[in-house]
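Before any comments, here is the structure.
Side chains are part of it too, since the values below use all heavy atoms of this structure and drop only hydrogens, waters and symmetry mates.
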Number of protein chains: 2
Amino acid sequence: MPSRMKTAPDNRSGGPTIATSVYDRIRRDIISGALAPGHKLGSTTLRERYQAGISPVREALNRLVAENLVCFEDQKGFHVAGIGAEDLDDLIRTRCHIEEIALRESIANGDDAWEDGIVVAFHRLSKVPRSAAEDGFEFNPEWEELHHAFHTAILAGCGSPRIQTYCELLADQAKRYRQLAATISYPHRNERDEHQDIMDAVIARDVERAVALHHAHLKKTNDIIVRSGLSLSPERVPA
Amino acid sequence: MPSRMKTAPDNRSGGPTIATSVYDRIRRDIISGALAPGHKLGSTTLRERYQAGISPVREALNRLVAENLVCFEDQKGFHVAGIGAEDLDDLIRTRCHIEEIALRESIANGDDAWEDGIVVAFHRLSKVPRSAAEDGFEFNPEWEELHHAFHTAILAGCGSPRIQTYCELLADQAKRYRQLAATISYPHRNERDEHQDIMDAVIARDVERAVALHHAHLKKTNDIIVRSGLSLSPERVPA
DNA sequence: AGGCGAAAAATTTTGGAAAATCGTTGACAC
DNA sequence: GTGTCAACGATTTTCCAAAATTTTTCGCCT
């Protein structure tokens, strides 16, 4: 370990600047649950954990506040955003609303390239197992990424950068809940068929059916998280 | 209860920290147009302009990136977010979508206190003239604030912190366009009646009428900005 | 003249140390 | 025993200077 090297020699993996690199790593750790909800993010601790100075760390945290993954209060520092049943409910309901908009617009405006993108994304997703382990559930990052890509592909046709960005934001927040729940219990469900049905309805331009399936898809995720036994005390939301 | 202010809650004359103070001031300057769209926000310049060190300035800018008022690129620094006809169109259409959701939810869930809030906000708004000058238009900050409060009051009943926060965000972005347009030409329109009609429909719980009026209200703003002659070259959007 | 490349300048990024602030502990008075 | 206050300790916030990077400038060659 080159402790006294001038700067990280190979800094390309993640971003050109240290701040961006630290941002990526903290972000991953929060979503994966390595940094627990409500956990204090003190300057000194993070400086050690990520081997960086105060400035990049602080910058990274500031960026994360924008995504609602980190809370900040003047003179009190940074905390990992709390979780709670109430917040989860708001999150899912908001996703239903916003993604319905994006879905309707996508179906209305989507062109051939858009359709192709969905088919490809689904195909890729189908080839990867839900769980990294044969028996029982083990987090599979590849599946997670392709799953995200599939849903993104569907909403990509909506034609509104703002709505698309916001959908991504909400999806990341939901991902954290999903991750936390996944560490506790493995929900058995046939997600492949769900995705297939959604895709079919979307490609067929059957708006109402697509919306209904999409809503059900999101609600099911919510139920699974709630049922997983994840302690969602509302007190854990600092802000 | 959740009076979600975007700025720090403790906003007494500058804020507790320099970063927050600088954040408020830059924010004001961008929305008011004092800092033109696309303008470079160099560390040295801002350090002089706001009489603060690099760290607080950088922190303030990072917070503003979250609101889409500032763009950032690694190794290239900060710029005031660009404007453009395309972006304005996206903004207005997004507002129509999101605020329709908030409006429907508000009408469905709003209680007596919510109704009271709307009536009070409207009353206060009615007492203040649209223009600060007797003849011709002059920007009236008091009216702007009360106008904002009126619309916020209507959407306050939606029960979703996320949607409400996002509405505020979009409203601030729209405010900048409105401000820039206002410096050029004064659009004559009877906004008081428009607000009255919206309020009446909302209080009467006439959802469809309220939504229709609300959409028309937003679209009219868009038309006025476009017609104001504000140069909206799409090239001015850096990111 | 125009294009190429290297030094120079300007700017961004980073690290650490000083200053300011908040929460706590402990002592003292009542 | 209780309440107040002051000093301490820990943490955040800020400033400044050095390091790394990008952009510009200028000389040089084709």
Exercise. Which residues pass the salt bridge (Lys or Arg N to Asp or Glu O under 4.0 Å) test with A/Lys175, sequence neighbours left out?
Worked result: A/Asp172
Distance-only criterion, 3.5 Å: show the donor-acceptor pairs between side-chain atoms of residues 44-54 of chain B and protein atoms not counting sequence neighbours.
| residue | atom | partner | partner atom | Å |
| --- | --- | --- | --- | --- |
| B/Arg49 | NH1 | B/Asp29 | OD2 | 3.0 |
| B/Tyr50 | OH | B/Asp29 | OD2 | 2.6 |
| B/Gln51 | NE2 | B/Glu48 | O | 3.4 |

For this session: Quick one, give me the B/S/- string for nucleotides 11-16 of chain D, reading 5' to 3', where B means a protein heavy atom under 4.0 Å from the base and S means that only happens at the primed atoms, P, OP1 or OP2.
Result: SSSSB-
Exercise. Mind checking what makes salt bridge (Lys or Arg N to Asp or Glu O under 4.0 Å) contact with B/Glu144, not counting sequence neighbours?
Worked result: B/Arg130, B/Arg178
Seminar exercise, completed: salt bridge (Lys or Arg N to Asp or Glu O under 4.0 Å) filter on B/Asp89, not counting sequence neighbours, yields B/Arg93
Exercise. Does CG belonging to B/Asp111 count more than 12 external heavy atoms closer than 6.0 Å?
Worked result: yes
Exercise. Who pairs with A/Asp223 by salt bridge (Lys or Arg N to Asp or Glu O under 4.0 Å), at least two apart in sequence or on another chain?
Worked result: none
Exercise. In degrees rounded to 10°, what angle is found between the helical axes fit to the five outermost pairs at each end of the helix from C/dA1-D/dT30 to C/dC30-D/dG1?
Worked result: 10°
Problem set entry | Inter- and intrachain pairs under side-chain hydrogen bond (donor to acceptor under 3.5 Å, both in side chains), touching residues 149-171 of chain A, at least two apart | A/His147-A/His151, A/His148-A/Glu168, A/His151-A/His195, A/His151-A/His217, A/Thr152-A/Glu168, A/Ser160-B/Asp90, A/Ser160-B/Thr94, A/Arg162-B/Asp87, A/Arg162-B/Asp90, A/Arg162-B/Gln173
Problem set entry | Qualifying side-chain hydrogen bond (donor to acceptor under 3.5 Å, both in side chains) pairs with a residue from residues 53-65 of chain B, counting only residues at least two apart or across chains | A/Arg58-B/Glu59, A/Glu59-B/Arg58, B/Thr20-B/Arg63, B/Glu59-B/Arg63
Problem set entry | Interatomic distance where CG belongs to A/Asn62 and P belongs to C/dT13 [whole Å] | 14 Å
